[in-house]
Asks: 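Encoded as structure tokens, here's the structure I'll be asking about.
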Amino acid sequence: MKAIPILGELTPGTTQRHLIKLPGDALTNDEPRSVISVAGTKHGPVLFVNAGVHGGEYPAVEAVIRLGKTLDPKKISGTVILMPVLNLPAFRTRTPFLCPIDNVNPNRVFPGDPGGSYSEQMTHALINDFVIHADAYIDLHGGDIPEALVPFVICRSEAGLANSKARDVAARSKEMALAFGLPYVLMVSKPVQPAKGLSSYAAAAEKGIPSILAEAGGVGQMQEEAVELLVNGVVNVMRHLGMIEAGAESAPAKSQIPDSKSQTNSKSKAKKAARRAVATGKASAADAAASTVLTKFEWVYTKRAGMWYPKVAPGDVVSDSEEIGTVGDLFGDTLEKIISPVNGVILFLTINPSVLENGLLMGIGVE
Ligand SMILES: [Zn+2]
């Protein structure tokens with residue numbers, strides 16, 4: 001069977017490792033990218049999963065690696081294709097958000113351009129050589145090196161879509177997002193930042209492929225809890241798509257990561273977020289899998305460069321007009337008070353103190 005032409009023939013019932021050179025003039029000298037195919041013995045959908053569109057989102061990368069080691073091809077229907085790192089130049093150089101070759105954020109130029117810059121050729125290859133051959137697509141992310149977040153899934157909203165095919169793709173994407181099982185699902189109808197192109201999930205949806213982007217973990221660390229959330233989320237979506245029998249236990253997500261302080265911190269943060277969600281009546285402790293659906297993503301920026309002192313944490317519920325942090329100069333004087341423009345929940349937060357002019361500070365999800 002040839003689920004994905006660039007991978008060649010796949011043998012049902014096996015997990016295969018591939019080293020793939022992506023097409024594109026700008027990518028000619030790239031090292032080949034690792035791709036794992038897990039071809040089930042029974043017929044079923046093709047699910048494509050990647051991480052590393054952003055190079056410093058390590059729990060997402062580890063989740064894809066772990067899926068390749070733990071999914072049992074003899075127990076699944078259909079085929080799972082896994083790419084741990086798309087943006088290898090950023091991964092190798094520990095560059096957050098951007099690709100260091102063209103200084104472009106790849107997640108703002110989907111579906112790419114075969115005659116464009118490095119990132120545009122790379123995203124074009126991802127869409128055309130992988131995503132469009134799949135029946136469903138999951139792009140795994142997290143906070144990048146200077147960024148902390150509360151786990152959430154993004155997909156495209158049905159709102160404002162003109163034709164019924166596009167609405168159907170959006171509805172199936174929403175079902176996948178809810179099945180993934182993170183605390184928040186954010187449904188957006190337009191890009192959150194003006195950009196040349198789209199984000200991965202939106203571009204895939206435009207091509208007719210139901211797709212989601214899931215985020216967990218951050219701050220440049222390997223957080224076991226985030227890895228497990230992402231592994232389990234993909235398995236949940238596979239169950240939703242009928243690739244794993246309902247009720248069948250998935251392979252345990254075996255950790256090779258020793259306990260660490262950061263892990264304890266992320267656990268206590270997640271607990272805090274869960275308590276807040278319970279306190280605001282958005283989730284019940286008894287039904288931890290139910291996601292709160294948010295419909296607007298408000299990003300907050302500083303006008304001035306300086307030292308950033310946030311007064312909030314990921315998962316915090318904030319009110320319109322509330323002071324949520326300050327930016328100071330290098331003498332210790334306050335340059336700017338940062339005020340929340342909405343009522344909502346902090347989904348991601350820049351935790352690195354050095355911020356640039358018009359620098360991104362946080363994203364707030366609004367119901
Ligand atoms: Zn990312």
Side-chain angles (χ1 to χ4, degrees), residues 33 48-65 82-112 118-120 122-123 126-127 130-131 137-156 177 180 182-186 188 191-193 195-205 211-223 226-227 229-231 233-234 266 294 297 299 314 346-352 359-365:
R33 283 163 174 80
F48 176 60
V49 184
N50 71 263
V53 167
H54 294 135
E57 299 171 351
Y58 306 112
V61 171
E62 172 65 15
V64 177
I65 291 171
L82 304 158
M83 185 191 287
V85 179
L86 173 70
N87 187 356
L88 269 178
F91 178 77
R92 295 291 187 219
T93 56
R94 299 180 183 146
T95 304
F97 307 117
L98 307 177
C99 175
I101 293 178
D102 56 8
N103 286 322
V104 165
N105 181 339
N107 210 24
R108 302 287 178 273
V109 297
F110 277 94
Y118 182 94
S119 290
E120 290 172 287
M122 178 174 71
T123 51
L126 188 81
I127 291 286
F130 289 91
V131 174
Y137 171 45
I138 303 175
D139 184 17
L140 297 182
H141 286 246
D144 214 318
I145 294 165
E147 200 177 46
L149 55 74
V150 64
F152 63 99
V153 186
I154 312 184
C155 66
R156 217 157 65 136
F180 201 97
L182 294 183
Y184 295 97
V185 166
L186 182 64
V188 294
V192 286
Q193 254 185 339
K196 185 171 181 182
L198 299 170
S199 292
S200 57
Y201 64 93
S211 53
I212 58 174
L213 186 157
E215 307 223 17
V219 299
Q221 296 183 24
M222 183 67 91
Q223 296 147 323
V227 177
L229 282 173
L230 295 174
V231 168
V234 171
S266 89
L294 307 167
F297 209 3
W299 287 17
I346 310 281
L347 292 182
F348 72 80
L349 179 72
T350 299
I351 46 91
N352 195 293
L360 179 59
L361 300 177
M362 68 183 77
I364 305 175

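Indexing begins at 1, ligand by ligand and atom by atom, following the structure's order. Note that the coordinates shown come from a computational prediction; the quantities given were computed from them, not determined experimentally. Count residues from 1 along the sequence.
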Asks: Filter on salt bridge (charged side-chain N to carboxylate O under 4.0 Å, His left out), then keep only pairs touching residues 84-103, sequence neighbours left out; what's left?
Replies: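 For residues 84-103, and leaving out neighbouring residues, the salt bridge (charged side-chain N to carboxylate O under 4.0 Å, His left out) pairs sorted by first residue read Glu31-Arg92.
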Asks: Are the side chain of Asn103 and the backbone N or O of Leu98 linked by a donor-acceptor pair below 3.5 Å?
Replies: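 No, the answer is negative, given that no donor and acceptor are paired below the 3.5 Å cut-off.
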Asks: Taking the side chain as every heavy atom from C-beta outward, state whether Met122 and Ile101 have any atom pair closer than 4.5 Å.
Replies: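 Not touching, per the 4.5 Å side-chain cut-off.
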Asks: Looking at residues at least two apart in the chain, or sitting in another chain, which of them share a side-chain hydrogen bond (donor to acceptor under 3.5 Å, both in side chains) with Glu147?
Replies: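 Once residues adjacent in sequence are excluded, Glu147 has no partner under the side-chain hydrogen bond (donor to acceptor under 3.5 Å, both in side chains) criterion.
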Asks: Which of the protein's N, O or S atoms come within less than 2.8 Å of the Zn ion (ligand 1), not counting waters?
Replies: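 N, O, S partners closer than 2.8 Å: His54 ND1, Glu57 OE1, Glu57 OE2, His141 ND1.
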Asks: Parallel, tilted or perpendicular, judged at 30° and 60°: which one describes the rings of Phe97 and His54?
Replies: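 Perpendicular.
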Asks: Which residues pass the side chain to side chain contact (heavy atoms under 4.5 Å, CB included) test with Leu294, not counting sequence neighbours?
Replies: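 Expected list: Tyr184, Leu186, Thr292, Val345, Leu347, Glu367.
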